[in-house]
Amino acid sequence: MEERKLRVAITHGDTNGIGYEVIFKTFAEPAMLELCTPIIYGSPKVAAYHRNALGIQANFTIISNAEDAHEGKINLLTTFDNEVKVELGNPSKEAGLASLKALERAMEDYKKGLFDVLVTAPINKNNIHSDSFNFCGHTEYIEERAGEGNKALMILLNNTMRVALVTTHLSIKDIAQNITEEKIIEKATIFHKTLKRDFRISKPRIAILSLNPHSGDGGVIGKEEEEIIIPAIKKLSDNGIIAFGPYAADGFFGHGTYEAFDGILAMYHDQGLAPFKCLDTGDGVNFTAGLPIIRTSPDHGTAYEIAGKGIADESSFRHAVYLAIDVFRNRNNYDEPFGDPLKKLYHEKRDDSEKVRFATPKPKA
């Protein structure tokens with residue numbers, strides 16, 4: 001019997017932004033429905049408004065439950081019935097509430113196992129903020145709702161690089177005090193695991209950036225490199241993780257050193273994402289690593305300035321769907337050898353997984 005296609009849950013994001021436009025444009029390509037079954041968590045009325053305002057062909061099937069999703073169709077799951085005023089290009093609390101309702105329903109369905117991966121359209125962090133959403137963004141919300149005690153790691157990636165962050169949505173004045181040896185080791189360890197499991201890189205090389213200009217210049221500009229970052233790199237190496245650094249961010253990106261690594265761990269948001277977006281070719285994706293749920297999103301925001309004009313580029317969103325599917329398959333392939341009910345034959349404190357996966361049984365005497 002042929003297995004069903006992967007079910008990709010898609011939250012519609014801020015209803016005054018470009019969410020519906022990039023979703024519809026992505027699935028206007030017939031081949032996308034050969035890859036997966038999309039389930040848009042949103043509003044048929046809002047979707048129809050965007051479709052008419054944009055003047056594009058976008059047929060969708062309205063469903064009430066994810067179990068009813070049809071293969072070969074764009075499924076739109078109704079997350080609320082009330083009227084929502086759509087003001088394309090204008091932020092509003094009403095649009096924020098609509099994006100939150102879609103997220104909440106998607107989290108409920110994830111816990112029921114009704115879809116395989118999640119792709120989120122952009123939200124406005126200010127509009128969505130409420131008693132029900134007291135988070136800095138999608139990453140923190142999803143970690144709380146679906147992390148099962150695991151810590152999330154934000155990774156921005158494209159065909160050229162993968163950039164992860166030690167700290168995410170923090171004020172600049174709070175960054176230094178939040179850079180600790182323990183946190184660097186924690187984030188680098190999650191990064192190492194996701195590079196192996198989700199991206200199937202057997203021996204990932206991770207570059208770790210400095211916090212201060214010129215890597216602190218031997219303590220003249222700052223001591224975090226000598227007192228925190230270098231000791232963390234040494235401990236990572238002792239734990240079998242191939243980590244190098246710390247590298248000053250300007251020269252690291254300016255001289256193309258990033259091309260020699262499988263992953264880059266930046267200390268804070270703009271240190272990693274500013275050069276990433278400057279070097280991005282339009283296929284950038286935000287991936288929430290480290291959690292049981294597979295969640296991706298495009299690396300752009302609500303783009304109010306072009307909402308409703310029909311000129312939004314869907315490339316990033318399409319790659320977010322591709323990545324979610326690839327990670328799902330990679331995880332299944334990586335985890336498959338561990339599903340054997342027989343007890344492990346080998347155990348090694350540093351990394352028993354590689355022993356189990358690649359050891360050759362000794363012949364019987």
ILVMFWY cluster membership beyond M161 - transitive side-chain contacts under 4.5 angstrom: M154, L156, V163, L165, L209, I242, F244, Y247, F252, F253, Y258, F261, I264, L273, F276, L279
Interatomic distance, I18 atom CD1 to I311 atom CD1 [nearest 0.5 angstrom]: 9.5 Å
Residues E71, K5: salt bridge by 4.0 Å N-O rule: yes
R318 versus S316, side-chain donor and acceptor atoms under 3.5 Å: no
Where at least one partner belongs to residues 44-70, residue pairs that pass side chain to side chain donor-acceptor pair (under 3.5 Å), sequence neighbours excluded: K45-E83
Flag, side chain of N158 to backbone of T160, donor-acceptor distance under 3.5 Å: yes
OG1-CD distance between T180 and E224, expressed to the nearest 0.5 angstrom: 11.5 Å
H138 and Y141 aromatic centres sub-6.0 Å: no
More than 12 heavy atoms from other groups under 6.0 Å of CG on D81: no
Worked verdict on D313 versus S315 for side-chain hydrogen bond (donor to acceptor under 3.5 Å, both in side chains): CA-CA 6 Å; D313 185 347; S315 300; 2.7 Å; yes
Spatial distance of atom CD1 (I190) from atom CD1 (I185) [nearest 0.5 Å]: 12.0 Å
NZ (K93) with more than 12 external heavy atoms under 6.0 Å: yes
I201 CD1 to I206 CD1 distance, which is reported to the nearest 0.5 Å: 9.5 Å
Donor-acceptor pair, side chain of E181 and main chain of I233, under 3.5 angstrom: no
Between E140 and T168, a side-chain donor and acceptor under 3.5 Å: yes
Euclidean distance, L103 CG relative to M107 CE, rounded to 0.5 Å: 6.5 Å
CD1-OG1 distance between I155 and T296, expressed to the nearest 0.5 angstrom: 12.0 Å
Qualifying salt bridge (Lys or Arg N to Asp or Glu O under 4.0 Å) pairs with a residue from residues 14-27, counting only residues at least two apart or across chains: E21-K25
Partner residues of D109 under the salt bridge (charged side-chain N to carboxylate O under 4.0 Å, His left out) criterion, sequence neighbours left out: R105
Those residues that, when tested against R7, pass salt bridge (charged side-chain N to carboxylate O under 4.0 Å, His left out) (two or more places apart): none
cation_pi(R162, F199) dist<6.0 Å, angle<=45: yes
Would you mind writing out the side-chain donor-acceptor pairs for residues 31-38 within the sub-3.5 Å range, not counting sequence neighbours?
none

Salt bridge present between D299 and K277 (N-O < 4.0 angstrom): no
Backbone N/O of D174 and side chain of S171: donor-acceptor pair under 3.5 Å: no
Check: Y20 ring centre within less than 6.0 Å of H12 ring centre: yes
